[in-house]
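Note that the structure is a prediction, hence the values are computed from the model and not measured.
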Amino acid sequence: MPTVTNDADDALQVLTAGTVHCIDPDELHKLLTSGRQLRVKFGIDPTASDIHLGHTVVLHKLRQFQDLGHLAVLIIGDFTARVGDPTGRSATRPPLSAAEVEDHAQTYIDQVRAVLDFSPDRLELVHNADWLARMDMADVLRLTGRTTVARIMERDDFATRFRDGVPIALSELLYPLLQGTDSVEVRADVELGGTDQLFNNLMGRQLQSAAGMDPQVVMTTPLLEGLDGEKKMSKSLGNYIGIAEPPGEQFGKLMSIPDELMPRYFALTTGWSPDRVEQTVAALADGAIAPVEAKRLLARTIADLYHGPGAGDAAEAEFDRVFKAGQVPSDLPEREVPAAEFPMRLARLLARAELVSSNKEGRRKIEQGGVKIAGEKVTDPDLEVSAADADGQVLQVGKRAWARVRIR
RNA sequence: GGGUCCGUACCCGAGAGGCCAAAGGGAUCUGGCUGUAAUCCAGAUGCGCAAGCUACGGGGGUUCGAAUCCCUCCGGGCCCA
């Protein structure tokens, strides 16, 4: 068994830093003092294939436990994904097929590698279908008998949906119980999750106690705001930065977050030590670092984290080329258009080059002054171009869409 | 099983026979500004060169004319049992 740090006080401080809930710190301290390698549970439901920075907040916390010698018990919720966690959702999630779930799970695992330590003595990977799929009706009845309808309905999102007449599938009400069962099965000492998981995680304590185990310590991490600076980062809101996205995309998106969000991003997404975060944030606050520079640092850091050292510098250089110097990106798509279709209106060519979704939209973009051909702004919405005019030229729409036309 | 209400564009949501390609908000996009794909300000947002076409859960009907009225089917909420 690996050695575990015995300085419980220091460990407690590091581990509780940046958490929203810790239930409860005394229990955690006791566990840390025991010198045992703790089993730290974190469950993910592979309902979608992309991990974004919001997901990494809790993963960084889990990594801290690993770095202190503890064991991350990563539960792939292949069974629960099929039920659909209703957390924070206003509607029932459509069920996924087993194949979709498996596919997502593999992508998840690949992406999680960027944050977690995958050494065998630091990570245990399990699938909850291994125990949940085996339960029979008697097991289910026993499980559901351990709580009450009133207790389940305390959960805010259930209460809200019920009040507003939004449907709640009966299966969704069971979700907290399933997640709690996971805690019993993996004998979790600690469970991590976002703040929205608090209810589910506490259910784990209840079920563990009922099973005669010491209840797990529950710790929650903040939900990261997305690019808009207000709503929580999520794929469905489209305000996310995926960790598998190209570095240039990550860099650009990070440059577009509201300035006020920077301290939070430094604290929650970089994996930096609390000290380093504090120094950087302080420097930003007293003007020692200009906001742009801080944002660039953040953007480089994230790109490096997920694409290897140097990725951030490269992304930054390209960003400057394109957005500061206004040059064409070094790598831009080519679109082939048959010569027979010419001459055609530029508006139509933009659509053929997939820069706009319709001729009409192309016309609109020209009228708004957002279209350039070979670097020249076009003002005539009815402009006709010949094959010779168009061949090999770079079309640009707005600040972020380019294509080179090839006549064939 | 009975009753009742609802289903509108990417999302929320107004609309009550013609003035509706459909108010308003969100979201997104374009332009200007700039330290940024930030903020702020302005504008745009079904398709078609156009005549026009398609669109208000699906289908059918009434009418000169339907998102708006009727029938039916599908989906959903609530109440009663």
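Remark: Asn359(A) is in phosphate contact with C49(B), judged by side-chain N or O atoms under 4.0 Å from OP1 or OP2. The side chain of Ser256(A) places no N or O atom within less than 4.0 Å of a non-bridging phosphate oxygen (OP1 or OP2) of U36(B). Put simply, Ser358(A) has a side-chain N or O that comes within less than 4.0 Å of OP1 or OP2 on G48(B).
You'll find that the side chain of Arg400(A) is closest to C29(B), out of C29(B), G26(B), C47(B). For Asp259(A), the side-chain atoms get nearest to U36(B) when compared with the rest of U36(B), G26(B), C29(B).
Of the residues in residues 317-349 of chain A, those placing a heavy atom less than 4.0 Å from an atom of RNA chain B are Phe319(A), Phe323(A), Lys324(A), Arg345(A), in numerical order. Annotation: proximity of residues 280-315 of chain A to RNA chain B (heavy atom, distance under 4.0 Å) is found for Pro291(A), Val292(A), Lys295(A), numbered in ascending order.
In summary, the side chains of Gln208(A) and Ser183(A) do not present any donor paired with an acceptor at a separation below 3.5 Å, with no hydrogens or angles considered.
As judged by a 4.0 angstrom heavy-atom cut-off over every strand, Lys365(A) is placed among residues touching the sugar-phosphate backbone only. Looking at heavy-atom distances under 4.0 Å, Asp382(A) makes no contact with the nucleic acid at all. Nucleic acid contact for Glu230(A): none, since no nucleic acid atom lies under 4.0 Å from a heavy atom of the residue. Counting non-hydrogen atoms under 4.0 angstrom, Gly362(A) reaches nothing in the nucleic acid. Nucleic acid contact class of Gly398(A) (heavy atoms, under 4.0 Å, all strands): sugar-phosphate only.
Residues meeting the side-chain hydrogen bond (donor to acceptor under 3.5 Å, both in side chains) test with Asp26(A), sequence neighbours left out: none. For the side chain to side chain contact (heavy atoms under 4.5 Å, CB included) test, no residue two or more places apart in sequence or in another chain qualifies with Ala159(A). Every residue meeting the salt bridge (Lys or Arg N to Asp or Glu O under 4.0 Å) condition with Glu341(A), not counting sequence neighbours, appears here in chain and number order: Arg348(A), Arg352(A). Thr280(A) is linked by a side-chain hydrogen bond (donor to acceptor under 3.5 Å, both in side chains) to nothing, counting only residues two or more places apart in sequence or in another chain. In this structure, the salt bridge (Lys or Arg N to Asp or Glu O under 4.0 Å) partners of Asp320(A), at least two apart in sequence or on a different chain, are Arg296(A). Taking the side chain to side chain contact (heavy atoms under 4.5 Å, CB included) definition, one finds that Pro222(A) meets it with Val20(A), Val57(A), Arg264(A), Leu268(A), sequence neighbours left out.
Per the geometry, CG belonging to Leu383(A) stands 14 Å off C1' belonging to C49(B), to the nearest Å. The interatomic distance linking Ile257(A) (CD1) with U39(B) (P) rounds to 11 Å, in whole Å. Between Leu227(A) atom CG and U36(B) atom P the separation is 19 Å, expressed in whole Å. Rounded to whole angstrom, the span from the CG atom of Asp228(A) across to the P atom of U28(B) amounts to 7 Å. In this structure, Lys231(A) places its NZ atom 11 Å from C1' of C12(B), rounding to the nearest Å.
Residue whose closest nucleotide on RNA chain B sits further toward the 5' end, between Met255(A) and Gly369(A): Gly369(A). Nearest-nucleotide positions on RNA chain B for Lys360(A) and Gly252(A) put Gly252(A) closer to the 5' end.
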Please enumerate all protein N or O atoms sitting under 3.5 Å from an N or O of nucleotides 78-81 of chain B, with distances to 0.1 Å.
none

If you restrict it to nitrogen or oxygen atoms, what contacts under 3.5 Å exist between nucleotides 42-45 of chain B and the protein, and what is each distance?
from	atom 1	to	atom 2	distance (Å)
A44(B)	O4'	Gln368(A)	NE2	3.2
A44(B)	O2'	Gln368(A)	NE2	3.2

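Scanning both residues, Phe79(A) and Leu178(A), for their nearest heavy atoms gives CE2-CD1, 4.3 Å. In this structure, Ala210(A) and Arg146(A) approach most closely via the heavy-atom pair CB-NH1, 3.6 Å. Between Ile44(A) and Pro46(A), the closest heavy-atom pair is O-CD, 3.4 Å. Of all heavy-atom pairs spanning Val337(A) and Met344(A), the tightest one is CG1-CE, 3.6 Å.
Sorted by first and then second residue, the pairs that involve residues 389-408 of chain A and meet side-chain hydrogen bond (donor to acceptor under 3.5 Å, both in side chains), not counting sequence neighbours, are Glu249(A)-Arg400(A), Glu334(A)-Arg406(A), Glu336(A)-Arg408(A), Ser386(A)-Asp389(A), Gln396(A)-Trp402(A). Pairs passing the side-chain hydrogen bond (donor to acceptor under 3.5 Å, both in side chains) check and including a residue from residues 285-295 of chain A, sequence neighbours excluded, read Asp259(A)-Lys295(A).
Ring orientation note: the planes of His52(A) and Tyr240(A) are tilted relative to one another, at an angle of 30° to 60°.
Across all strands shown, the partner of G43(B) is C29(B), judged by Watson-Crick or G-U wobble contacts whose two distances both fall under 3.5 Å.
No side-chain heavy atom of Phe251(A) sits under 4.5 Å from any side-chain heavy atom of Ile302(A).
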